[in-house]
Amino acid sequence: MTATHHERQDPAIAHPQMEQLLQFQRDALEMITLDRPTIEILNSLCLLAEAMVDNSVASIMLLDQSRSHLEVRAAPSIPHEAIEALNGLQPGPDAGSCGTAVFKREPVFVNNILTDVRWARFMDVAKRFNMQACWSMPIKVADDDVVGSFALTSFQTRPPDPFHRRLLDTGSYLAGIVLERDRQAQRLLTAGIAFEHMREGVMVTDARHRIVQVNQAFERITGYRAEEAIGETPRLLNSGHQGAEFYRDFYQSLGQRGEWLGEIWNRRKNGDVYPQWLSVKAVRGPDGSACQHVSVFADITDTKDSERKLWQMAHHDALSDLPNRLLLNARLEHAVQRAHRTETSIAVMFIDLDRFKNINDTLGHQVGDELLQEVARRLRSSVKEDDTVARLGGDEFVVVTEGIIDANSARLIAERIIERLSVPVTIRGKTLFATASIGISLYPQDATAPDTLLQHADAAMYQAKALGRNRLAFYAPELTHAIQQRLDMEHDLRRGLVNHEFLLHYQPQFDAKDGRLVAVEALLRWQHPKRGMVPPNEFIPVAEETGMITELGAWVTETACTQAKVWRDAGHCDFILAVNLSPYQLRTDCTTRLKEIFRQSGFPAEFFEFEVTETLLVGDDGSSLQQLADMRTELGLRITMDDFGTGHSSLSQLKLLPIGKLKIDRSFINDLPDDQNDAAIVKAIILMAHTLGLEVVAEGVETEAQQRFLCNSQCDHLQGFLHGRPMPAEAISDLLGRGQMRLERLCDTK
Ligand code: C2E
Ligand code: MG
Ligand code: MG
C-alpha cells in the first residue's frame, strides 16, 4: 500500500461523492474487522463500486501462484462466459486494461476499447459483452508488490473523471488491505507450523519471565507438557549445574546485547540432567525494553556422547582400553599436585613383559594382542579403583598408585602384580606364561617432576630385567648414569655426523667354488674424538631409537655407492656392493632418497644389495615389507637376509620375503665343524635355502676347518676374518687389483 493510493482530497470531487467514498471505505473496513472471508469482501467491494458508477461493472483479477497469469477473483455482475474468456490473461504491454496495468504497475484507462490497440487481441469478448471502456488500477500489498487489479468496465465509451479515479484508487487500496491480511495470516500459519514442528525446543517468556508459549519439541525434550510449563518460570528446568556466576553472565549478556548463546545443563521432568545448546533473544517492545524472551534450544546429549567417544579414543589405547600416554601424563601431573598439597607419596611403576617379542613372533600378533588384553585386565584388578593403569604401547604398562605409605607398600603392590601376571594364561589353546619386570620410582623421594618419575621408573625396570626378569627393582640414582650415557651418545652422534667422524670399512665375500671376490659389505665405523673407534653394535641401537639412523643410513649408502662406482670405473664390474639396512629405515620412505643416490653416484642398482635382519618382521604392519618388495621390483636391487637363524622366522616364512640370499649367522659357524648340532643346522639351512632357490653366505668364517665344512656342504659364498677382515677402501682396491685371489686354496679343500 503506497502513498499514491492516498492522494489528498481532490477539490474536483463533489461532497456527496466524497461521502459515498467514505461510506465505501467504512463498509469495507468493517468487514475486514469482522474478519469476513476474503472472497466475500472482494465481491462486496465490486458491488459497492458498481453501485457508485452507473452503466458499469467491477472486477478484481489476481495473479496466480506462479505470478504469470491473472484469474478473475471477484466480478459479481459479469456473466460467467465473459469471466471464462478473461481468465488466464497473461500480463503484458498489450494485455487489455488489467493485464497491462499489472504488467506496468500503473493505472490503465482505456476510454474506447474498440479503437485501443491494447484491446486488439480481446475484441471478440469486448464485442460479445458490449464492453466499451475499461479502467484498471493495480492492487498492491506490502513491499509495493503488485498482486492483481481492480477494474471498472463501462458499457459506454468514456474517460474516468476524478471521482472515478478516486473510487478505483480506494477500491484497489482496500482490496490490497484484505489480501495483505491473508498473506500475514498465511505467514503466521506457516510460522506456527514451523514453530510446532521444528526439532529445536522453543520457549517464550514474558516480561515477568513467565513461560507463555512452548512448542512440541520443548515438551519432548524437557518432558513437561505445555500446560505444566506455561505460567512457570524457566527455573522449572534448572539442573543446578550452573553456579551464580554463570547466571550473572547470562543476564548481563541478555541485558547488554539482547541475546545469549551457549551450552547449558538442564534437568528433564524425570530428573535426567542433559546438555543443550541454547540461544536466547530478547524481543523489544516499542519503548525498547524487553517484553519477551524467545529461547531456542537443542538437546546435544548425542553430540556430547560422540565427543566423549572421541575423547576416549584420543586418550585411550584401542587394544586394552587403558589410558594412553597422553592421559597418563595428565593423571600423573594431577597426582603429583595432589600429593604435594596433601603431603602424601606416589609410586610410579613401569611394567614391561618379559620376552613378549618371542610370543608375538612365534605365535602371531593375534595371540600377542589377546595376551596384552589379559595383562591389562590383571593389572587393573591388582590395584585400587582410582589408581591409574596405562599402556604406553607394545608390552609397556605404567601403574600410578597414590597415597602409599612407604616403599614397602609399593613393593607389596608390585609383588601382587607379578604374582597375578605369573598365573598361566590360555589363549587359543596355548598356555602362556607372561612374566613381567617392574621398575618403581617414588614421589617425592626419587623425583618430584612427573617426567622424571617416569624416567626413573623406566630405568629401574631395565635394572629388573638385567637382574634376571620376572622381578621388581626400585630406582637407584646410579641407574641414571646409564641413561645419561645414552643421552650423551645421542648428542655425540648428531655432532659426529656434522663433523665427519663416520667412515666405512669394507669386508669382502668370496665364491666358495672358485675363490672369486663376489661382494663387499660396507660396515660403518665411528671415529669418536675421545672414545676412539666405537663399534656399530654400541651406537646403531641409539641411532635407531632417536631416528638418527635415517640420516646415518643414507650417508652409508651414498658413501658406499660413490666408492663402489670408483671401483667399477677402474674396471672391476662384477662384484656386489652390500649395505646393511636397519628396519627403522624402512619405516620411513627411503626409496625416494635411494633413487636419488643411484642417480647421483651412477652405481647400478642391480649390483647393489641390502642386508636386512629378521627383526624387520617384528611389529611390521606390512608396509616395511612392501617397501622392500617395491625396491626390488622398481629399482632392481637385491636383498639378503642377514644373521639368519638368530630370529624366529622359519624357512617357510622366508618364501614371503623378497630375498635372494641368506647369510647364516656367525653363531652357527663359530663351533663348526665339531659341534654336531650346529653342523646339522647349517647343512639343513643350506639344503632348504637351495630348495627355495636362495643363495647362501656364511659369515664369520675364521678357520680352514670351518671353510672346508662349508664348501663341502655346498655353501655358495664365504665371509670372515680368514679371508678378509673389514678394511679401508684402499685395501679393497688392492684386493680387486689382484683379481681372483686364493682360488687354488679354496678349490683344493673340496
Ligand atoms: P653384520 O651385518 O652381521 O656384520 C658382520 C659383523 O661381523 C661385522 O661386525 C664384522 O666385523 C663381523 N665379522 C665379520 N667376519 C667376522 C669373523 O670372522 N669373526 C668375527 N668374530 N666377526 C666377524 P661390525 O662391523 O662390528 O658390525 C656389527 C653389526 O653392526 C653388523 O652386523 C650390522 O648389523 C651392524 N652394522 C654395521 N654397519 C652398519 C650400517 O651401515 N648400517 C646398519 N644399519 N647396521 C650396520
Ligand atoms: Mg651385514
Ligand atoms: Mg651378520
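By convention here, the first residue in the shown sequence is residue 1. Counting convention: from 1, in listed order, for ligands and their atoms alike.
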For Gly720, the atoms of ligand 1 under 4.0 Å from one of its heavy atoms are 15 (N), 18 (O)
With a cut-off of 2.8 Å, does Asp643 put an N/O/S atom close enough to the Mg ion (ligand 2)? no
To the nearest 0.5 Å, atom NE2 of His528 lies from atom CG of Leu493 at 8.5 Å
Self-check item: Phe721 N/O under 3.5 Å from ligand 1 N/O
Solution: yes
The option among Ile540, Thr703, Leu718, Leu523 carrying the non-hydrogen atom nearest to atom 39 (C) of ligand 1 is Ile540
If we number the atoms of ligand 1 from 1 as shown, the ones under 4.0 Å from a heavy atom of Asp642 are 1 (P), 2 (O), 3 (O)
Output yes when the distance from some N or O of ligand 1 to some N or O of Gln719 is under 3.5 Å, and no in every other case. no
Closest to atom 17 (C) of ligand 1 (heavy atoms only, candidates Gly700, Pro583, Gly724) is Gly700
Contacts of Pro541 meeting side-chain contact (heavy atoms from CB on, under 4.5 Å) (sequence neighbours excluded), chain-then-number -> none
A student checking ligand 1 against Pro536 at a 4.0 Å heavy-atom cut-off should list atoms 24 (P), 25 (O), 26 (O), 27 (O), 28 (C), 30 (O), 37 (C)
Do any N/O/S atoms of Asp642 come under 2.8 Å of the Mg ion (ligand 2)?
yes
Note: ligand 1 atoms sitting under 4.0 Å from heavy atoms of Val701 are 18 (O)
Checking Gln719, His723, Arg725 against Gln507 for side chain to side chain donor-acceptor pair (under 3.5 Å), the one that qualifies is Gln719
Problem set entry | Any N/O pair Leu524/ligand 1 closer than 3.5 Å | yes
Note: Val556, heavy atoms under 4.0 Å from ligand 1, region reported as side chain
ask   = So does Asn580 have any N/O/S atom less than 2.8 Å away from the Mg ion (ligand 2)?
value = yes
In Glu611, the N/O/S atom nearest the Mg ion (ligand 2) carries the name OE1
Is the closest heavy atom of Pro726 to ligand 1 under 4.0 Å?
-> yes
Of all the N, O or S atoms in Glu521, the one nearest to the Mg ion (ligand 2) is OE2
Closest heavy-atom approach to atom 12 (C) of ligand 1 among Gln585, Glu538, Arg666, Arg725 is made by Arg666
Using side-chain heavy atoms (C-beta onward) and a distance below 4.5 Å, is Leu327 in contact with Arg331?
yes
Those residues at least two apart in sequence (or on a different chain) that pass side-chain contact (heavy atoms from CB on, under 4.5 Å) with Glu695 are Lys661, Asp716, His717
Checklist entry - Is Glu606 salt-bridged to Arg638, cutoff N-O under 4.0 Å? => result no
Practice prompt. Determine whether any heavy atom of His505 lies closer than 4.0 Å to an atom of ligand 1.
Written response: no
Taking a cutoff of less than 4.0 Å between a non-hydrogen atom of the residue and any ligand atom, is Gln507 in contact with ligand 1? yes
**Message:** With the threshold set at under 4.0 angstrom, would you say Arg525 reaches ligand 1 through any of its heavy atoms?
**Reply:** yes
